[in-house]
Amino acid sequence: MPELPEVETIRRDLERCLLGRTIASVRVLRASVLQCSPRRLKRALAGATVAGVRRHGKVLLLDFDTDQSLLIHLRMTGQLLVCGDSAERRFTRVIFHLADGGRLAYADCRALGRLEFVRSDRAGASNSLANLGPDALTEAGLDRLLVVASRRRTPIKCLLLDQSVLAGIGNIYASEILNLARLAPDRPANSLSSSELSALRRATHRVLTAAIDARGTTLRDFRTGTGEPGRYASRLRVYGREGKRCLRRGCRGTILRQLQRQRSTFWCAECQR
DNA sequence: GATAATGTTCGATC
DNA sequence: AGATCGAACATTAT
């Protein structure tokens, strides 16, 4: 579920709630979400203090004072929740007990998410990060989007989802960005004019920052690091609105759903060309 | 019971 | 070499 705005929302919550706090013990309820053995995780984290919380694309990095970092990818249904000692949740897979009370819980209904240990100074070299392009919120990311788009004829929607081009955009925001930029999702990336490319650049930045301001999109599963839903769902212009009226002022179009690479794309054929 | 779901990865095939 | 596609992973809600 989580794309860049959701992961950034969680990052901010964890930074605020966990920085400087120490992990007392770790309980693993589902070892398959770990890339290392449960015992290595427990040994490495017992007594470790959180020294920083970073994000690259959809990947979260918890830095500890031990020169090790925990790399977390939430995939489809992962959640990270800072909570008190009570309230057991149904899909909790890993619990990090904090030395001063309370805990950080990793919950994941489908258990597709992954937690992985990396050395902090080599975080960028870990295989989970090495294949990622620059973060979609950075100038370098937006620059790279335009450069790669001009060279490839893959549909522009598919390019936006390609994490090796730029990291962070997922299926919801790809549709939203193309709607704001007024571009049809099946347009070959290298067919975009320079004015269309700058519209794409502006739309990417605007959609992501607006979604972060609203603390992410909750359709079903997403919760912030403190357990609240995000508020951006009510501002979605196309995603999940198949058959409904286009919201663009003066546009009489109807929102369509179309499959691209086995994933739904929502768009308005009237105002997106 | 079939279908779809905010994601990535692997292997096969151009 | 690079691009592209389908299947796989695991589980729930409709």
Side-chain angles (χ1 to χ4, degrees), chain A residues 1-11 29-35 55-60 71-80 89-94 106-116 126-133 136 147-179 185-186 188-190 207-208 210-212 214-225 229-243 257-266:
Chain A
M1 46 161 167
E3 306 180 27
L4 187 152
E6 289 74 37
V7 179
E8 176 61 18
T9 298
I10 293 172
R11 191 199 69 76
L29 299 112
R30 173 76 80 99
S32 68
V33 301
L34 302 181
Q35 299 282 65
R55 178 193 61 74
H56 185 97
K58 305 172 189 173
V59 169
L60 207 56
L71 189 156
I72 304 173
H73 201 307
L74 304 165
R75 296 276 179 96
M76 291 290 264
T77 53
Q79 303 180 333
L80 280 167
R89 297 172 48 77
R90 192 172 166 198
F91 300 114
T92 300
R93 309 300 191 189
V94 183
Y106 177 70
D108 190 344
C109 161
R110 290 168 70 178
L112 294 172
R114 290 292 177 266
L115 312 192
E116 173 183 359
S126 85
N127 40 5
S128 301
L129 284 178
N131 300 323
L132 295 182
V147 170
V148 177
S150 68
R151 291 200 212 125
R152 297 236 285 249
R153 67 174 181 284
T154 194
I156 187 61
K157 155 77 173 342
C158 298
L159 196 75
L160 286 174
L161 287 184
D162 187 337
Q163 304 298 299
S164 70
V165 174
L166 82 172
I169 295 171
N171 210 34
I172 292 180
Y173 297 113
S175 285
E176 296 299 310
I177 288 165
L178 290 173
N179 175 258
D186 52 3
N190 64 2
V207 167
L208 294 177
I212 291 172
R215 292 178 53 78
T217 299
T218 296
L219 293 179
R220 179 169 296 151
D221 299 307
F222 172 67
R223 292 291 116 104
T224 70
R231 303 184 312 267
Y232 198 73
S234 64
R235 299 182 47 189
L236 295 175
R237 297 176 64 84
V238 286
Y239 189 88
R241 298 192 63 249
E242 181 184 17
R257 181 169 76 101
Q258 174 188 333
L259 281 187
Q260 290 181 290
R261 301 240 180 110
Q262 304 163 280
R263 309 205 67 191
S264 293
T265 302
F266 296 88

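Reminder, nothing fancy here: chain letters follow the sequence lines and each chain counts from 1.
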### Query
Taking only residues two or more places apart in sequence, or in another chain, which ones meet A:R261 in a side chain to side chain donor-acceptor pair (under 3.5 Å)?
A:T154
### Task
Tell me, please, which residues at least two apart from A:K157 pass side chain to side chain donor-acceptor pair (under 3.5 Å).
A:N171, A:T265
Residues which pass salt bridge (Lys or Arg N to Asp or Glu O under 4.0 Å) with [X], listed by chain and number, not counting sequence neighbours:
{"X": "A:R93", "answer": "none"}
{"X": "A:R114", "answer": "none"}
{"X": "A:D162", "answer": "A:R152"}
{"X": "A:R55", "answer": "A:E8, A:D135"}

### Task
Would you sketch DNA chain C in dot-bracket for me? Only Watson-Crick or G-U wobble pairs with both distances under 3.5 Å count, crossing pairs as [ ], other-strand pairs as |, the rest as dots.
.||||||||.||||
### Task
For A:T154, answer base if it contacts any base atom (sugar-phosphate contacts may also be present), sugar-phosphate if it contacts only those atoms, and nothing otherwise; contact means non-hydrogen atoms under 4.0 Å.
sugar-phosphate
### Message
Test of understanding: with ring pair (Phe, Tyr, Trp, His ring centres under 6.0 Å), list the residues that count as partners of A:F222, not counting sequence neighbours.
### Response
none
### Query
A:Y106: what forms a ring pair (Phe, Tyr, Trp, His ring centres under 6.0 Å) with it, not counting sequence neighbours?
none
#### Entry: Close residues, residues 257-266 of chain A, relative to DNA chain B [heavy-atom separation under 4.0 Å]
A:R257, A:R263, A:S264
### Message
How many whole angstroms separate atom CZ of A:R151 from atom P of C:dG2?
### Response
11 Å
### Message
Distance check needed: B:dG7 C1' versus A:L219 CG, whole Å only.
### Response
15 Å
Listed pairs, N/O of protein and of nucleotides 11-14 of chain C, under 3.5 Å:
residue	atom	partner	partner atom	Å
C:dT11	OP1	A:R30	NH1	3.0
C:dT11	OP1	A:R30	NH2	2.1

Under-3.5 Å N/O pairs linking protein and nucleotides 10-14 of chain B:
none

